[in-house]
Amino acid sequence: MADPSSYRPKPGEIPDSPGVYRFRDEHRRVIYVGKAKSLRQRLANYFQDLASLHPRTRTMVTTAASVEWTVVSTEVEALQLEYSWIKEFDPRFNVKYRDDKSYPYLAVTMNEEFPRVQVMRGQKRKGVRYFGPYGHAWAIRDTVDLLLRVFPVRTCSAGVFKNAARTGRPCLLGYIGKCSAPCVDRVSAEEHRDLAEDFCDFMAGRTGTYIRRLEQQMTDAAEEMEYERAARLRDDIGALKKAMEKSAVVLADATDADLIAVAEDELEAAVQIFHVRGGRVRGQRGWVTDKVEEITTGALVEHALQQLYGEEKGDSVPKEVLVPALPEPVEPVQEWLAGRRGSGVSLRIPQRGDKKALMETVQRNALQALALHKTKRASDLTTRSRALEEIAEALDLDSAPLRIECYDISHLQGDDVVASMVVFEDGLQRKSEYRRFQIKGFAGQDDVRSMHEVISRRFRRYLAEKEKTGEWVEDLPEEGAPENGLKDEDGRPKKFAYPPQLVVVDGGQPQVAAAKKALDELGIDDIAVCGLAKRLEEVWLPDEDDPVVLPRTSEGLYLLQRVRDEAHRFAITYQRTKRAQRFRSSPLDDVPGLGDTRKQALLKHFGSLKKLRSATIDQICEVPGIGRKTAETIAVALAQAAPAAPAVNTATGEIMDEEEPGTTGSGGDPVTAGAPDERRGQET
């Protein structure tokens, strides 16, 4: 625990200007980011008598080891820089709103030649129109099913679309009238885009004009005795009205607004947002946060606005934002919102009428969300705390291991030997800090040597990081020098900058001894090591002949099992990926300087590896980006490589032709196994 007076800046050093400041801990990680109209006055508040500080602020300043600041011209610039740094550094003491799920949006891909309507989650993409978010994906699909009768826009995937275009037959939706079937040229690209534009206009709230137009068309068709067309238009109007009924009118003046409500207590706060478009509630979402600092309702609202609109532009930011309390000062926030929208934004507290009544409804939702979150989290927090305490007691640690790293080795009969490192902080997965290793020191199967190599490499990098930040370390071995993959600027996420309190290895005495030996060789003696053997779930400690046996019902044992199983899963996934990549090798892989882009261009041009092998050098030179020297090298590599055995259809016995472009042997990108989160694990 640091004494704030040890890093307090001299009074004359801090400028009396707007700016953004950062507190860092002893490992140079940014733990708090804040903005101020006057840096001198704001920072002085942190260096008062500790007894007069709020408990959470006191914890922050005693965890910190330094403070630094950046001066900006205006408070709006300070707001923008604060948002960017919070997003980049993910400081542990800042307000961070946590979604309990990834909210689905209704998306229209206007950036494609034939726009597609689909449900999307996650990060928004450029050129795509979004509507929502919605509480449930089925709510979107019900609405889309009704609207496709009137706006038969494409909803199929790219693969289905290309297959229909190739065969000349549309999918089922094309036959039943819920798709205009641009894949078989029933409508042109321009006509299909007009349908997509009408769909977007309707979803954006411009419903009255469109329904009146359909009603007029129905009347005209009836007068002209086109009764079938009139009946179809009548059913279309009914479908549109039914879709509109799914979101009741809440504001009679067809207002576009977002309403934000906050429910809070001393420890946590819940935020609920209703998105109102055209007077109707078009979406709803909510967040919960820990109040790790003393913060007002207005400041909570400001952080919510940053999270809600930090990545939005244009019409995604409404003309009116209704809040329970205004940030202080409010002018920079309004100016920032206006800059995101491109025109004026009204940020105010509703005082009367329908808007105040709707705000009360949003507030009730926030109160219910906070109560539900507390009910769920009480058990979860208690369980995790008990698990960490049991581990500390069983392993005789000085304190609970708030950061645990676990390592596992994976291979297939000695081939493609890899290792994984997974991180748990406060008993929860920290997937952004997962890492993957290839065993480079030797070939073959030796789990003990592999474990020694991985632990040595990981903590050699940690010592290199400490040396870069100016902390004293012992002389490193020559191979411990920082590698090129490290980022130079302090505070940003680095590969191995933060040490664990506990290292867990998947295995028994030999693996534990190897890990301990690696740490001893590096002079690290303040990190505990243990191993978890699979057979009897025994916990092994270095230099101990007998294992530690935790009760089967122990929460500590359950947490160690989760950590070990996650490391095993992550290692297996990486090993399978490496093996698949090896099996997908191609003769083109041996051509020096030929990357994936040009490989794919070659296969796309010739259609298959067989046709490329029979092509002349002049024909290869016709591919964009392929010069004569490269073409000669390709021809030599293909001539030296033995042709692959022909594929056989096991059902018919028929010998198949050469593989299609993009299949095994294409030399393209290998398929990556595992969930999207696993791609965060960096290879080392």
Side-chain angles (χ1 to χ4, degrees), residues 18-36 39 42-43 46 60-61 63-99 102 122-126 271 287 289-290 292-293 295 299-300 302-313 316-317 327 332-333 336-337 339-340 403 423 425-426 428-435 461-462 465-466 468-469 482 484-499 676-677 679-682 684:
V20 182
Y21 54 91
R22 294 178 288 185
F23 281 89
R24 297 179 183 271
D25 65 9
E26 59 180 346
H27 302 290
R28 299 292 296 164
R29 291 207 313 180
V30 176
I31 62 172
Y32 183 76
V33 174
K35 63 175 177 58
L39 286 169
R42 185 71 183 93
L43 287 176
Y46 291 102
M60 188 273 290
V61 297
T63 303
S66 63
V67 62
E68 57 194 41
W69 55 85
T70 299
V71 176
V72 296
S73 303
T74 65
E75 293 179 67
V76 176
E77 288 184 27
L79 185 70
Q80 293 171 336
L81 184 58
E82 180 195 34
Y83 170 76
S84 299
W85 279 358
I86 289 175
K87 183 179 178 183
E88 180 176 2
F89 297 125
D90 190 24
R92 59 180 293 193
F93 284 99
N94 274 94
V95 170
K96 289 177 285 190
Y97 292 108
R98 302 185 300 272
D99 278 318
S102 175
Q123 189 173 3
K124 294 186 177 180
R125 304 174 188 173
K126 187 176 180 180
V271 175
W287 299 306
T289 182
D290 292 323
V292 293
E293 57 175 327
I295 189 169
L300 286 170
E302 181 178 317
H303 286 295
L305 293 172
Q306 286 179 315
Q307 173 130 344
L308 192 59
Y309 302 118
E311 304 294 330
E312 305 293 345
K313 287 185 178 180
S316 297
V317 182
V333 180
W336 177 73
L337 289 173
R340 306 300 302 177
R403 179 182 171 103
V423 179
E425 288 190 354
D426 299 329
L428 297 175
Q429 297 174 353
R430 184 83 168 181
K431 290 195 173 184
S432 61
E433 303 204 13
Y434 284 15
R435 298 292 178 259
R461 295 288 292 275
Y462 160 60
E465 286 295 341
K466 289 181 67 178
K468 288 182 67 179
T469 58
N484 295 332
L486 292 172
K487 299 180 181 178
D488 292 330
E489 192 154 347
D490 293 332
R492 286 166 171 75
K494 296 181 179 179
K495 289 189 175 183
F496 301 111
Y498 195 53
D677 284 335
R679 289 195 287 268
R680 297 178 182 170
Q682 300 178 23
T684 304

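Treat the numbers as computed from the prediction; the structure is a model and nothing was measured. Index from 1, following the sequence.
Atom NE2 of residue His27 and atom CZ of residue Arg24 lie 13.5 Å apart, to the nearest 0.5 angstrom. To the nearest 0.5 Å, atoms NE2 (His303) and CG (Leu305) are separated by 10.5 Å. Atom CH2 in Trp69 sits 8.0 Å away from atom CG in Leu39 (nearest 0.5 Å). The CE atom of Met60 lies 6.0 Å from the OH atom of Tyr32; values are rounded to the nearest 0.5 Å. Note that the CG atom of Leu308 and the CH2 atom of Trp287 stand 4.5 Å from one another [nearest 0.5 Å].
Looking at heavy atoms from C-beta onward, Leu43 lies in side-chain contact with Phe23 at the 4.5 angstrom threshold.
Applying the side chain to side chain donor-acceptor pair (under 3.5 Å) rule to Glu425 yields the partners Arg403; only residues at least two apart in sequence or on another chain are considered. Taking Tyr83 as the reference, Lys87, Gln306, Glu311 meet the side-chain contact (heavy atoms from CB on, under 4.5 Å) condition, with sequence neighbours excluded. Contacts of Ser66 classified as side chain to side chain donor-acceptor pair (under 3.5 Å), with partners at least two apart in sequence or in another chain: Arg28. Residues forming a side-chain contact (heavy atoms from CB on, under 4.5 Å) with Ser316 (at least two apart in sequence, or on another chain): Glu312. Partners of Glu302 by salt bridge (Lys or Arg N to Asp or Glu O under 4.0 Å), not counting sequence neighbours, listed by chain and number: Lys35. Ser84 meets the side chain to side chain donor-acceptor pair (under 3.5 Å) test with no other residue; sequence neighbours excluded.
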Given Trp85 and Thr70, is the side chain to side chain contact (heavy atoms under 4.5 Å, CB included) satisfied, shown in steps?
-> CA-CA 11 Å; Trp85 279 358; Thr70 299; 3.2 Å; yes
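Not a single donor-acceptor pair under 3.5 Å links the side chain of Asp426 to the backbone N or O of Leu428.
Among all heavy-atom pairs drawn from Tyr309 and Trp336, the shortest one is C-CH2, 4.1 Å. Across all non-hydrogen atoms, the minimal contact from Ala78 to Gly19 is CB-O, 4.0 Å. Nearest heavy atoms, Gly34 versus Glu82: CA-OE2, 3.9 Å.
With Ile86 as reference, Asn94 is the one residue of Asn94, Leu81, Val20 to meet the side chain to side chain contact (heavy atoms under 4.5 Å, CB included) rule.
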